[in-house]
A.B. asks: 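Got a structure for you, questions after.
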2 protein chains.
Amino acid sequence: MTAIHTARDPRFPALGVAVDVVVFTVRDGQLEVLLTRRPDEEPFPGAWSLPGGFVRPDESADDAAARELAEKAGVEDVFLEQLYTFSAPDRDPRSRVVAVAYYALVSADKAALGARADGRTRAPQWFRVQAESEEHAQAFLPGQPPVTLAFDHDEILRTAVQRIRGKLEYVPIGFQLLPPHFTLTELQSVYEAVLGHPVDKRNFRSKIQKSGLVRESDAVKKGPHRPAKLFEFTQRTF
Amino acid sequence: MTAIHTARDPRFPALGVAVDVVVFTVRDGQLEVLLTRRPDEEPFPGAWSLPGGFVRPDESADDAAARELAEKAGVEDVFLEQLYTFSAPDRDPRSRVVAVAYYALVSADKAALGARADGRTRAPQWFRVQAESEEHAQAFLPGQPPVTLAFDHDEILRTAVQRIRGKLEYVPIGFQLLPPHFTLTELQSVYEAVLGHPVDKRNFRSKIQKSGLVRESDAVKKGPHRPAKLFEFTQRTF
DNA sequence: CCACTTAGTGTGCTTTAAACACTATCCATG
DNA sequence: CATGGATAGTGTTTAAAGCACACTAAGTGG
């Protein structure tokens, strides 16, 4: 039990533990991810990267991820779940950093607030996610080529997209991406954005209704066309 | 970029990253887990715990898990996958240690070799896993009460049992727990041990055969009764 | 009032899951 | 060598779930 709090103990080499958070939202039928710009210094000067930071001595990685999410995206109490831990010795060229990656699902209305709530650092920005095949996922801004992310963040993003696609089919995470009241068409649009392909309207609606996860509210959403019934979730638990 | 290799940098507090491996096998129709005994010193002197150790400076957590598996269980080239990262600040009462947990599936024939291959430390031992409900999983030796594991290893074990049960239903991990040639009854027994409940013989056999994952070999397993055809996997990839 | 746009609804077919019981083959024993 | 004991092996029926598929309804704006 001697001197374990110095960097010389072989069990405690100089090593940091960071969290990186893949924050997803769906806006206008498109899956989007929140990215931050790195400072103009090595490594990856000015590159886009996932929001993240070091885990503090008194917090768990879960806490750190929630804190990062609040700081960078300005949202709290959203769906946040551990994704995977990335630990290649050279994933950070400066020194050893192990990254515990998380993914979060944020409704577009909350997300809009978050993206401009940051004052100290450069504002994070929403990028669209392009993921036709299962093996690739890239972030891009409309009309521009995909960006290459810093560190191994492209791999983390890819892993996160695979995860939410797989999870969407058997756990009700689609609801996390919508405001409290929503139309079934909006919910379907979220599913299509996450899955990356269209789904059948009638099958989708009957399956959702049969699941008992949503309840019809008495309000309707008016627009230039036929009004749509607004629904709400029957359970508010994660 | 100054002095990041000392323990004084706030981003690099004294902190260790360890791996813990939940090594499963199935023997005699029972799911078993490999446990090691802790040394007779604080914390948890003499308690049973999952095999594990610190990640070395030049290896990834995946590498470290494979190394631990080779050292403690004496097996290589087995199914090994990351489970979850446990990071509560006080999970190790001595100092901060973040644990990247893995789970491994080992066939009973290989596992038997491993359990006695260790010379330096006390030999690890196989414990049965009792997990009637989804929420609980405990390790015990036949005829004895369940043991309480060191640190948060009971929680890790529980998480691992949930994971393999969920995964068994849609990915072919059952094969990892058997020797190259096996009977369908043996395979069914593995499924039943992992799931914790019996399955229907005819439905199981027809589903397995239709899946195309196994191929009939020309050998049979002889016993005191009707011989059973031996099967093998059609794919040897993880 | 007409054109446009989105909301909303049901049926038939195919596939998959789940329940269920008997015959076949080998060995050991008397 | 006949019998009993133990495990291997095999199909059908029913219910539920997935999937393809096209028209009517209800608003708005010109």
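Values in this document were obtained by computation on a predicted structure and should not be read as measured data. Residue numbers begin at 1 in each chain, while the letters A, B, ... track the order of the sequences.
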A.B. asks: Which residues pass the side chain to side chain donor-acceptor pair (under 3.5 Å) test with B:Ser87, not counting sequence neighbours?
C.D. replies: none

A.B. asks: According to ring pair (Phe, Tyr, Trp, His ring centres under 6.0 Å), who are the partners of A:Phe182, at least two apart in sequence or on a separate chain?
C.D. replies: A:Phe233

A.B. asks: Does C:dT6 have its OP1 or OP2 closer than 4.0 Å to a side-chain nitrogen or oxygen of A:Thr185?
C.D. replies: no

A.B. asks: Give me the one residue out of A:Val33, A:Ile156, A:Val129 that meets side-chain contact (heavy atoms from CB on, under 4.5 Å) with A:Val161.
C.D. replies: A:Val129

A.B. asks: Find the distance A:Phe204:CZ to C:dT9:P and express it as a whole number of Å.
C.D. replies: 14 Å

A.B. asks: So which pairs with a foot in residues 183-206 of chain A pass salt bridge (charged side-chain N to carboxylate O under 4.0 Å, His left out), sequence neighbours left out?
C.D. replies: A:Glu186-A:Lys221

A.B. asks: How many whole angstroms separate atom CG of A:Leu184 from atom C1' of C:dG8?
C.D. replies: 9 Å

A.B. asks: Can you confirm whether or not the ring centre of B:Tyr191 sits under 6.0 Å from the ring centre of B:Phe204?
C.D. replies: yes

A.B. asks: Does A:Asp154 have any side chain to side chain donor-acceptor pair (under 3.5 Å) partners at least two apart in sequence or in another chain, and if so, which?
C.D. replies: none

A.B. asks: Reading DNA chain D 5' to 3', which nucleotide is the first, and which the last, to come under 4.0 Å of any heavy atom in chain A?
C.D. replies: D:dC19 to D:dT28

A.B. asks: Would you please say whether a donor-acceptor pair under 3.5 Å links the side chains of B:Ser107 and B:Asp109?
C.D. replies: yes

A.B. asks: Across nucleotides 18-26 of chain C, 5' to 3', mark each nucleotide with B, S or - according to how protein heavy atoms within less than 4.0 Å reach it.
C.D. replies: BBBB--BBB

A.B. asks: Return the orientation label for the A:Trp48 and A:Phe127 ring planes: parallel under 30°, perpendicular over 60°, tilted otherwise.
C.D. replies: perpendicular

